[in-house]
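Worksheet for the structure shown next.
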Amino acid sequence: MQKEIESIQPTLEALVEMAKAGDKYSLEEIVRRIQDRIYGIALRMLYHPADAEDATQEILIKIITHLDSFEGRSRFSTWAYRVASNHLLTTKKRMAESYNYTFEIYEKMLDKSDSCSRLSMIHQAEMGLMVEEMKLACTQGLLLCLRRDVRLAFILGEVFGATTKEGAEILDISKDAYRKRLSRGRRLIQDFMLKNCSLVNPSNICRCAEAVKLHMNTRSISPNHLLFATH
């Protein structure tokens, strides 16, 4: 039954044509279908949910107000993600990006985490949730260490599963250029994880539970204000 319902739903391309003709429902349906994935890309690019929400609204406004420029040469979703990508590559630095994180800075933070791990204790009931928050925050933080263009290629390829053809179309670059950006992002993330993360290599120094204690001490994460684990 679900497949039958889905089969009679208009495609995004059909909705665009109806929206261009002034159909308000079609416009609302377009936004409903694409907003979550655009938010997902924005969140991984900008780290902070509030900044991602703002960027998503800005991107959706651009998409809505420029529907007439969609000529149907590609899928509408590809065109919409291209609008999103252009916005995220050129927008001003948001809060998390302003710290200018690098992999070297991240490593120094891990060393500090190891040396300060005994400064505080966390109630056992909170630990599971806080460890999950730490994992997600760490992953998001690693993405910030990548240059914007490499970060976006990595997000499209590794997180959203875009093919080389799709990624190149979205970023409006050659397939070879997309593959190089994606490969660079993979290599930098993998090299860092292999060298530092205990989830990849148990002998590595960075352990999520110990990192939680440090970040609790510095109040950069709090069980009363979780950005990711309950988002």
Side-chain angles (χ1 to χ4, degrees), residues 36-59 81 84-114 116 130-162 167 170-171 173 178 180-200 204-208 210-212 214-222 225-231:
D36 285 349
R37 286 182 68 84
I38 289 176
Y39 174 76
I41 295 172
L43 179 62
R44 289 165 177 83
M45 281 293 290
L46 304 176
Y47 184 89
H48 202 287
D51 287 334
E53 289 167 6
D54 290 343
T56 299
Q57 291 302 312
E58 293 163 4
I59 292 165
Y81 299 148
S85 296
N86 288 338
H87 181 86
L88 292 167
L89 286 172
T90 58
T91 189
K92 66 180 181 180
K93 283 187 176 182
R94 306 298 172 113
M95 180 171 57
E97 287 185 303
S98 66
Y99 292 106
N100 296 316
Y101 283 123
T102 65
F103 289 102
E104 291 75 18
I105 291 174
Y106 227 62
E107 276 198 273
K108 290 179 181 178
M109 291 169 62
L110 298 185
D111 290 339
K112 186 177 179 182
S113 173
D114 185 58
C116 299
M130 294 298 292
V131 166
E132 184 64 22
E133 175 78 359
M134 193 69 253
K135 288 179 183 178
L136 294 170
C138 183
T139 302
Q140 294 285 96
L142 282 178
L143 291 175
L144 288 178
C145 296
L146 297 172
R147 199 175 64 204
R148 269 188 177 183
D149 58 341
V150 175
R151 190 189 319 160
L152 186 51
F154 182 85
I155 291 167
L156 290 173
E158 283 295 302
V159 181
F160 289 90
I170 291 170
L171 297 180
I173 57 178
Y178 174 75
K180 286 181 179 178
R181 291 184 190 181
L182 178 57
S183 177
R184 177 173 173 77
R186 283 172 172 164
R187 177 174 56 80
L188 289 170
I189 294 290
Q190 288 172 357
D191 287 352
F192 183 90
M193 296 286 285
L194 286 170
K195 182 180 178 182
N196 296 283
C197 181
S198 63
L199 295 176
V200 177
N204 286 334
I205 65 168
C206 186
R207 291 171 170 76
C208 296
E210 301 304 324
V212 164
L214 170 67
H215 288 279
M216 284 282 288
N217 283 320
T218 60
R219 299 184 181 180
S220 55
I221 63 173
S222 165
H225 184 63
L226 300 176
L227 287 181
F228 306 112
T230 58
H231 187 59

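Atoms considered below: every heavy atom in the structure, side chains included; atoms not considered: hydrogens, waters and symmetry mates. Note that this is a predicted model, so its numbers are computed, not measured.
Counting all heavy atoms, side chain and backbone alike, Met95 lies closest to Asp51 at N-OD2, 3.4 Å. The heavy-atom pair separating Ala52 from Tyr39 by the smallest distance is CB-CE1, 3.6 Å. Taking both residues in full, the closest heavy atoms of Leu182 and Gly157 are given as CD1-CA, 4.1 Å, listed atom of the first, atom of the second, then distance. Smallest separation of non-hydrogen atoms from Ala162 and Gly167: CB-N, 4.1 Å. When every heavy atom of Leu143 is checked against every heavy atom of Phe154, the shortest pair comes out as CD2-CD2, 3.6 Å. Cys208 and Met134 make their closest contact through O-CG, 3.7 Å (heavy atoms, listed as atom of the first residue, atom of the second, distance).
When side chains are defined from C-beta on, Leu88 counts as touching Leu46, because their heavy atoms get closer than 4.5 Å. Taking the side chain as every heavy atom from C-beta outward, Thr91 and Arg148 approach each other to under 4.5 Å. Put simply, the side chain of Ile41 does not reach to within 4.5 Å of the side chain of Val159, judged on heavy atoms. Taking the side chain as every heavy atom from C-beta outward, Leu144 and Glu97 approach each other to under 4.5 Å.
Without hydrogens or angle criteria, Ser198 side chain to Asn204 main chain gives no donor-acceptor distance under 3.5 Å.
Between the side chains of Tyr47 and Arg94, no donor-acceptor pair of N or O atoms lies under 3.5 Å.
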Evaluation steps, side-chain contact (heavy atoms from CB on, under 4.5 Å), between Leu146 and Phe103: CA-CA 8 Å; Leu146 297 172; Phe103 289 102; 3.8 Å; yes
Verdict with reasoning, Lys93 to Asn100, per side-chain contact (heavy atoms from CB on, under 4.5 Å): CA-CA 10 Å; Lys93 283 187 176 182; Asn100 296 316; 2.5 Å; yes
Derivation and outcome, side-chain contact (heavy atoms from CB on, under 4.5 Å), residues Tyr99 and Ile105: CA-CA 10 Å; Tyr99 292 106; Ile105 291 174; over 6 Å; no
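Taking OG1 of Thr102 as the reference point, atom CG of Leu188 lies at 11.0 Å (rounded to 0.5 Å). Of the inter-residue distances, the one linking Ser85 atom OG with Leu152 atom CG reads 4.0 Å to the nearest 0.5 angstrom. Atom SG of Cys206 sits about 13.0 Å away from atom NZ of Lys195, to the nearest 0.5 Å. Separation of atoms CD1 (Ile155) and CZ (Arg151) is listed at 7.0 Å; rounding is to 0.5 Å. Separation of atoms CG (Leu43) and CD1 (Ile38) is listed at 13.5 Å; rounding is to 0.5 Å.
Using a cutoff of 4.0 Å between basic side-chain nitrogens and carboxylate oxygens, Glu158 and Arg44 are not scored as salt-bridged.
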